[in-house]
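These notes concern the structure reproduced below.
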2 protein chains.
Amino acid sequence: MTADVSLAPGDPGSGAEGTRWLDAGEQQAWRAWLYSAQLLLDRLDRELTHATGISHAYYEILVALSETEGRMMRMSELADRCLSSRSRLSHAVSRLEERGWVRRQVCPDDGRGQLAVLTDDGFAALEAAAPVHVASVRTHLFDQLSPEQVAAMRDLGETLLRHLGPR
Amino acid sequence: MTADVSLAPGDPGSGAEGTRWLDAGEQQAWRAWLYSAQLLLDRLDRELTHATGISHAYYEILVALSETEGRMMRMSELADRCLSSRSRLSHAVSRLEERGWVRRQVCPDDGRGQLAVLTDDGFAALEAAAPVHVASVRTHLFDQLSPEQVAAMRDLGETLLRHLGPR
DNA sequence: GCGGAATAGATGAGTCTTCAACTACGCTCG
DNA sequence: CGAGCGTAGTTGAAGACTCATCTATTCCGC
């Protein structure tokens with residue numbers, strides 16, 4: 001009777017036939033996953049932002065840069081690692097540049113390319129933020145789960161990643 | 001050597017002592033979860049938006065309204081169900097009002113309150129969108145998982161929800 | 001029933017994301 | 001070489017989210 005995600009099969013008015021609606025169990029699994037994912041991402045982002053002034057999106061950029069030789073990376077590679085669009089990354093790097101945490105540098109191998117380079121200030125900001133972030137992840141994720149659940153989480157994530165592609 | 005999420009213990013320059021960094025297994029579990037969650041949410045939102053013009057955030061509002069008696073709900077209750085801030089919901093409902101899918105109505109019991117009411121056009125839009133969304137969820141989630149993984153997903157979600165609270 | 005605190009919601013400025021151009025460079029092939 | 005095409009990245013406008021602030025109403029205690 002409701003136009004739910006799970007509009008019951010034969011729900012009056014649901015014109016589209018051939019849709020395999022979610023059964024009650026799938027519905028509950030999906031809802032639980034969705035809500036917990038949204039709440040967890042939101043919580044981690046908020047705690048990090050309020051404690052350090054660095055959003056999770058920016059944090060990921062800094063982390064990715066810090067992990068490379070020379071603390072620099074091509075813009076598009078950085079975008080891929082951060083699951084970000086090129087445009088978004090470009091805007092974000094501009095903001096990080098204003099903070100003095102990253103600078104741009106023309107790529108030697110390819111005149112079209114730009115390298116994003118993590119500055120010392122940027123590295124310092126990351127070092128200050130990392131403990132806060134790890135503490136949040138522990139508190140809200142690992143401390144809540146048994147080792148079996150952690151294993152299941154990893155398995156689930158890797159399974160979905162194979163489909164959604166690192167691409 | 002890198003200022004990773006998992007700055008190794010004793011990493012030179014990582015001044016903050018007392019942080020329990022993530023070990024390699026935790027790191028992989030966390031990364032797999034994070035990436036898969038981001039990719040999945042992004043994919044579902046994109047497919048829904050491109051096929052129907054309704055973002056996942058708007059879709060959730062419409063679904064919540066459609067599930068109630070009279071297809072109406074107090075703004076704050078709606079915000080809670082959609083894991084949305086009040087401000088965000090208020091802005092979103094304004095947009096949905098412009099589309100003619102929702103209207104506002106003063107709450108009879110409480111002069112401060114507003115009821116968001118799903119219109120017939122809104123319900124029709126939801127009915128058109130629901131099959132698209134369910135198909136995406138099937139394709140990118142349930143079709144990728146064994147029954148055991150679905151059960152694990154539900155368990156994980158519910159465990160985290162107990163901590164993150166429906167509150 | 002009145003004054004103050006609390007609640008419901010709206011609003012505007014600032015920030016972030018998206019999308020569709022747009023610039024600039026490299027690559028290929030005639 | 002140089003025309004055309006593909007790739008790298010930037011930009012600006014429009015939509016969406018956050019935060020602080022503001023108004024209106026209710027609730028509470030006297």
Side-chain angles (χ1 to χ4, degrees), chain A residues 38-39 41-62 65 72-99 101-117 167, chain B residues 38-39 41-62 72-99 101-117:
Chain A
Q38 290 183 160
L39 284 170
L41 291 171
D42 191 59
R43 187 78 150 250
L44 296 177
D45 187 39
R46 274 174 144 53
E47 288 187 358
L48 186 61
T49 302
H50 287 164
T52 69
I54 307 177
S55 69
H56 192 259
Y58 285 9
Y59 182 81
E60 293 216 88
I61 294 172
L62 300 180
L65 288 176
M72 58 181 65
M73 202 185 295
R74 284 290 290 269
M75 290 296 284
S76 11
E77 195 186 343
L78 188 51
D80 290 346
R81 298 230 186 177
C82 296
L83 304 180
S84 169
S85 72
R86 276 133 205 245
S87 170
R88 175 157 132 204
L89 181 72
S90 187
H91 286 294
V93 165
S94 296
R95 306 284 172 144
L96 291 172
E97 240 179 335
E98 287 168 16
R99 296 196 193 184
W101 290 353
V102 169
R103 67 190 155 72
R104 275 181 240 246
Q105 183 179 303
V106 177
C107 181
D109 327 350
D110 184 341
R112 294 167 300 182
Q114 293 278 110
L115 290 168
V117 187
R167 183 186 15 104
Chain B
Q38 290 182 158
L39 285 170
L41 291 172
D42 192 59
R43 189 79 151 248
L44 296 177
D45 188 39
R46 273 172 146 52
E47 289 188 358
L48 186 61
T49 301
H50 288 165
T52 70
I54 305 178
S55 70
H56 192 259
Y58 285 8
Y59 182 82
E60 293 217 87
I61 294 172
L62 301 180
M72 56 182 65
M73 202 184 295
R74 284 290 291 270
M75 292 292 286
S76 10
E77 196 187 340
L78 187 52
D80 290 346
R81 298 232 186 172
C82 297
L83 304 180
S84 169
S85 72
R86 278 133 204 246
S87 171
R88 175 156 131 203
L89 181 71
S90 188
H91 285 293
V93 165
S94 296
R95 305 285 173 145
L96 291 173
E97 240 179 335
E98 287 166 17
R99 296 195 192 185
W101 290 352
V102 169
R103 66 190 157 74
R104 276 181 240 246
Q105 182 178 305
V106 177
C107 179
D109 328 349
D110 186 339
R112 293 167 301 184
Q114 293 279 110
L115 290 169
V117 187

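Numbered from 1 within each chain, the chains take letters A, B, ... in sequence-line order.
- Using a 4.5 Å heavy-atom cutoff, the side chains of A:D80 and A:R86 are in contact.
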Show me the donor-acceptor pairs, under 3.5 Å and distance only, between side chains in residues 89-98 of chain A and residues at least two apart or in other chains.
| from | atom 1 | to | atom 2 | distance (Å) |
| --- | --- | --- | --- | --- |
| A:S94 | OG | A:S90 | O | 3.0 |
| A:S94 | OG | A:R104 | NH2 | 2.5 |
| A:E97 | OE1 | A:R104 | NE | 3.0 |
| A:E97 | OE1 | A:R104 | NH2 | 3.4 |
| A:E97 | OE2 | A:R104 | N | 3.3 |

Let's go through A:L83 and B:L39 carefully: what are the C-alpha distance in whole Å and the side-chain angles of both, what is the deciding distance for side chain to side chain contact (heavy atoms under 4.5 Å, CB included) to 0.1 Å, and is it a yes or a no? CA-CA 8 Å; A:L83 304 180; B:L39 285 170; 4.0 Å; yes
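- Sequence order on DNA chain D of the closest nucleotides to A:D42 and A:G113 puts A:G113 first from the 5' end.
- With sequence neighbours left out, the salt bridge (Lys or Arg N to Asp or Glu O under 4.0 Å) criterion links B:R112 to B:D110.
- With contacts defined as side-chain heavy-atom distances shorter than 4.5 Å, the pair B:R74/B:L115 qualifies.
- Comparing A:S84 and A:G111 by the nucleotide of DNA chain C whose heavy atom lies nearest to each, the residue mapping closer to the 5' end is A:S84.
- For A:R74, counting side-chain heavy atoms from C-beta on, the closest listed nucleotide (D:dA16, D:dT18, D:dA8) is D:dA8.
- The residue among A:D110 and A:A57 whose nearest nucleotide of DNA chain C lies closer to the 5′ end is A:A57.
- Rounded to whole angstrom, the span from the CG atom of B:L96 across to the C1' atom of D:dA16 amounts to 12 Å.
- Regarding contacts with the backbone of D:dA16, every side-chain N or O of B:R88 stays at 4.0 angstrom or more from both OP1 and OP2.
- To the nearest 0.5 Å, atoms CG (B:L41) and CZ (B:R46) are separated by 12.0 Å.
- Taking atom CD on A:Q38 and atom P on D:dC17, their separation rounds to 11 Å, with Å as the unit.
- Summarising the geometry, atom CG belonging to B:L44 is positioned 6.5 Å from atom NE2 belonging to B:H56; distances are rounded to the nearest 0.5 Å.
- Near DNA chain D, meaning a heavy atom under 4.0 Å from it, residues 46-54 of chain A has A:R46, A:H50 in order of number.
- Listed by chain and residue number, nothing satisfies the salt bridge (Lys or Arg N to Asp or Glu O under 4.0 Å) test with B:R103 (two or more places apart in sequence, or in another chain).
- In the 5' to 3' direction, nucleotides of DNA chain C lying under 4.0 Å from heavy atoms of chain B begin and end at C:dT7 to C:dC19.
- Of the candidates B:L62, B:D45, B:T49, B:I61, B:I54 forms a side chain to side chain contact (heavy atoms under 4.5 Å, CB included) with just one, namely B:L62.
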If you restrict it to nitrogen or oxygen atoms, what contacts under 3.5 Å exist between nucleotides 10-12 of chain D and the protein, and what is each distance?
| from | atom 1 | to | atom 2 | distance (Å) |
| --- | --- | --- | --- | --- |
| D:dT10 | OP1 | A:R104 | NH1 | 2.4 |
| D:dT10 | OP2 | A:S90 | OG | 2.7 |
| D:dT10 | OP2 | A:R104 | NH1 | 3.1 |
| D:dT10 | O5' | A:S90 | OG | 3.3 |
| D:dT11 | O4 | A:S87 | OG | 3.0 |
| D:dG12 | O6 | A:H91 | NE2 | 2.9 |

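- Side-chain contact check for B:V117 versus B:V102: every heavy-atom pair is 4.5 Å or farther apart.
- Between A:R81 and A:E60 the shortest side-chain heavy-atom distance does not fall below 4.5 Å.
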